[in-house]
Novice: 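Let me give you the structure first, and then I'll get to my questions.
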Amino acid sequence: MDIVAFCESDPDWIQFSNAHVQLQKLRNAYLTFLDRAPLDLLGPSDVLVVVGHGSPNSVGDYHNAIALVTLLLNRGLRNNGATIRFQTCSPADNSQTANPILLQIRTQLDNSGRQSITVQGAMAPSITGWRHTAERVVPHHHLGRVSAQQGVTMFQNRDQIQRAEAYINEHLRPNSTSRELADIARVVRTYTANFFVDFSLRAEPFTVSANQGFVSL
C-alpha cells in the first residue's frame, strides 16, 4: 500500500496542495501523518511519500536523521525494498554541507538493517507544475500577484491562499481520518491549483526533467 504522509504536525496550504498532487499520481494511496503511518503495510514495490517543507538539514519537523529513522522503525518499516520519497525542498543539497539529511537518513537506515530501502529527494528547492509529465514553469500573471522565489516564478494570490488557510483551520482536527485529510487536500487544491507545489524535481532554468536534480540512494 502506497502512503502519503505529512512530516509536520500542522501542515499548511502548500503541503495540502502537494499532498493532493501525490494522491492523484498514486491513486489509491493512504494519506496520514508520519507519526501515524502504518509502515508495516508498505510492500516491496510500494512508496512512502513524505510531504513537508525542508532544507539540507531538516525534513519537516525532523532536524535529526536518527529521530526520523527511529520513528520509521517504530511505525513498522521493514527491510523489504520499499521506497521513501521526500517531497521536500533540498534534502540532498550538498552545496552547503557534505552530509545533507538525505545522506544521513541513508546511513541510519543502513545502520538499522534497512539496506534494501531506497530513499529519494531533491538537491534544490523543487517546484514543478501540476501535470504528471515534464513541463515548462511559467508565470500566471492573470491569476494574481507573481513573485520570484529561488529563481522560479510562482503563483501568489493572497486571496486564494487565505481561503485555503481558513478551510484548513476549520476542518483539520487532531484525529482527522485519511479520507478527511484527502478531502481537505482536494478542496485546498481548488484554491491553489496554479501554485507550483509538486516538490519532486528541480526546475532550472525554468524547465523540468525527470532526472534533473533528483537523487536516489
Side-chain angles (χ1 to χ4, degrees), residues 4-26 29 31-35 49-63 85-91 93 121-122 124-208 213:
V4 178
F6 294 115
C7 59
E8 297 184 30
S9 59
D10 188 23
D12 61 14
W13 62 276
I14 294 178
Q15 294 169 67
F16 269 107
S17 299
N18 192 9
H20 179 79
V21 174
Q22 305 311 317
L23 292 175
Q24 292 297 106
K25 289 183 176 183
L26 296 172
L31 180 60
T32 186
F33 289 85
L34 192 57
D35 59 4
V49 180
V50 179
V51 173
H53 295 293
S55 75
N57 301 307
S58 65
V59 172
D61 289 339
Y62 301 91
H63 299 263
R85 183 176 305 138
F86 290 93
Q87 298 290 143
T88 66
C89 280
S90 310
D93 183 359
S126 306
I127 303 166
T128 66
W130 287 99
R131 298 183 183 87
H132 295 193
T133 56
E135 63 177 14
R136 196 166 187 78
V137 178
V138 295
H140 286 252
H141 293 283
H142 62 289
L143 293 173
R145 182 174 63 84
V146 176
S147 66
Q149 186 176 96
Q150 299 294 343
V152 179
T153 305
M154 299 159 62
F155 172 67
Q156 291 282 328
N157 185 321
R158 284 307 312 171
D159 214 33
Q160 296 293 82
I161 291 171
Q162 288 170 359
R163 291 183 184 183
E165 290 173 338
Y167 191 88
I168 295 169
N169 291 335
E170 181 180 353
H171 292 87
L172 180 61
R173 298 177 290 109
N175 59 344
S176 292
T177 66
S178 178
R179 182 180 294 274
E180 290 169 341
L181 292 172
D183 285 342
I184 295 173
R186 175 181 53 79
V187 174
V188 167
R189 186 262 186 222
T190 65
Y191 292 127
T192 63
N194 292 288
F195 186 85
F196 297 105
V197 292
D198 178 15
F199 293 86
S200 60
L201 307 171
R202 181 172 183 178
E204 183 179 27
F206 300 105
T207 58
V208 179

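Residue indices begin at 1 and follow the sequence shown.
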Novice: Pro11 and Ile168: which non-hydrogen atoms are nearest, and at how many Å?
Specialist: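 In terms of heavy atoms, the two residues are closest at O-CG2, 4.0 Å.
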Novice: Going by the rule side chain to side chain donor-acceptor pair (under 3.5 Å), which residues pair with Ser55 if we only count those two or more places apart in sequence or in a different chain?
Specialist: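 Ser55 satisfies side chain to side chain donor-acceptor pair (under 3.5 Å) with Ser58 only.
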Novice: Locate the shortest heavy-atom distance separating Gly60 from His63; write the atom from each residue and the value.
Specialist: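 Heavy atoms only, the tightest pair is O-NE2, 4.0 Å.
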Novice: Please test Thr32 against Ser178 for side chain to side chain contact (heavy atoms under 4.5 Å, CB included), starting from the C-alpha separation and ending with a verdict.
Specialist: CA-CA 6 Å; Thr32 186; Ser178 178; 5.5 Å; no
Novice: Distance check, rounded to the nearest 0.5 Å: Arg186 atom CZ versus Gln24 atom CD?
Specialist: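 Separation between the atoms: 10.0 Å.
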Novice: Scan residues 6-22 for pairs that pass salt bridge (Lys or Arg N to Asp or Glu O under 4.0 Å), counting only residues two or more places apart or in two chains.
Specialist: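 Qualifying pairs, neighbours excluded: none.
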Novice: Using every non-hydrogen atom in the two residues, find where Phe86 and Pro91 come nearest and quote the distance to one decimal.
Specialist: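 Heavy-atom minimum between the residues: CB-CG, 4.3 Å.
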Novice: List the steps, then state whether side chain to side chain contact (heavy atoms under 4.5 Å, CB included) holds for Leu181 with Leu172.
Specialist: CA-CA 7 Å; Leu181 292 172; Leu172 180 61; 3.6 Å; yes
Novice: Specify the closest pair of heavy atoms between Cys7 and Thr88, including all atoms of both residues, with the distance to one decimal.
Specialist: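 Shortest heavy-atom contact: SG-CG2, 4.5 Å.
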Novice: List the steps, then state whether side chain to side chain contact (heavy atoms under 4.5 Å, CB included) holds for Arg173 with Glu180.
Specialist: CA-CA 9 Å; Arg173 298 177 290 109; Glu180 290 169 341; 2.6 Å; yes
Novice: Any donor-acceptor pair under 3.5 Å linking the side chain of Asn169 with the backbone of Glu165?
Specialist: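 Yes; at least one donor-acceptor contact below 3.5 Å.
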Novice: Partners of Tyr167 by ring pair (Phe, Tyr, Trp, His ring centres under 6.0 Å), sequence neighbours excluded?
Specialist: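 Partners of Tyr167 under the ring pair (Phe, Tyr, Trp, His ring centres under 6.0 Å) test: His171.
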Novice: If you look at every heavy atom in Ala164 and Trp13, which pair is closest and at what distance?
Specialist: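 Closest pair (atom of Ala164, atom of Trp13, distance): CB-CB, 3.9 Å.
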Novice: Any heavy-atom pair between the side chains of Asp159 and Tyr191 that's under 4.5 Å?
Specialist: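 Heavy-atom side-chain distance check fails, nothing below 4.5 Å.
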Novice: On a heavy-atom basis, which atom in Ser9 and which in Phe33 lie closest, and how many Å separate them?
Specialist: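 Closest pair (atom of Ser9, atom of Phe33, distance): O-CE2, 3.8 Å.
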Novice: Please indicate whether Arg179 has more than 12 foreign heavy atoms, meaning atoms of other residues, nucleotides or ligands, lying under 6.0 Å from its CZ.
Specialist: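 No.
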Novice: Take Val188 and His20 through the side chain to side chain contact (heavy atoms under 4.5 Å, CB included) test and state the conclusion after the steps.
Specialist: CA-CA 9 Å; Val188 167; His20 179 79; over 6 Å; no
Novice: How many angstroms lie between CZ in Phe16 and CG in Leu23, if you round to the nearest 0.5 Å?
Specialist: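 Nearest 0.5 Å value for the CZ-CG distance: 10.5 Å.
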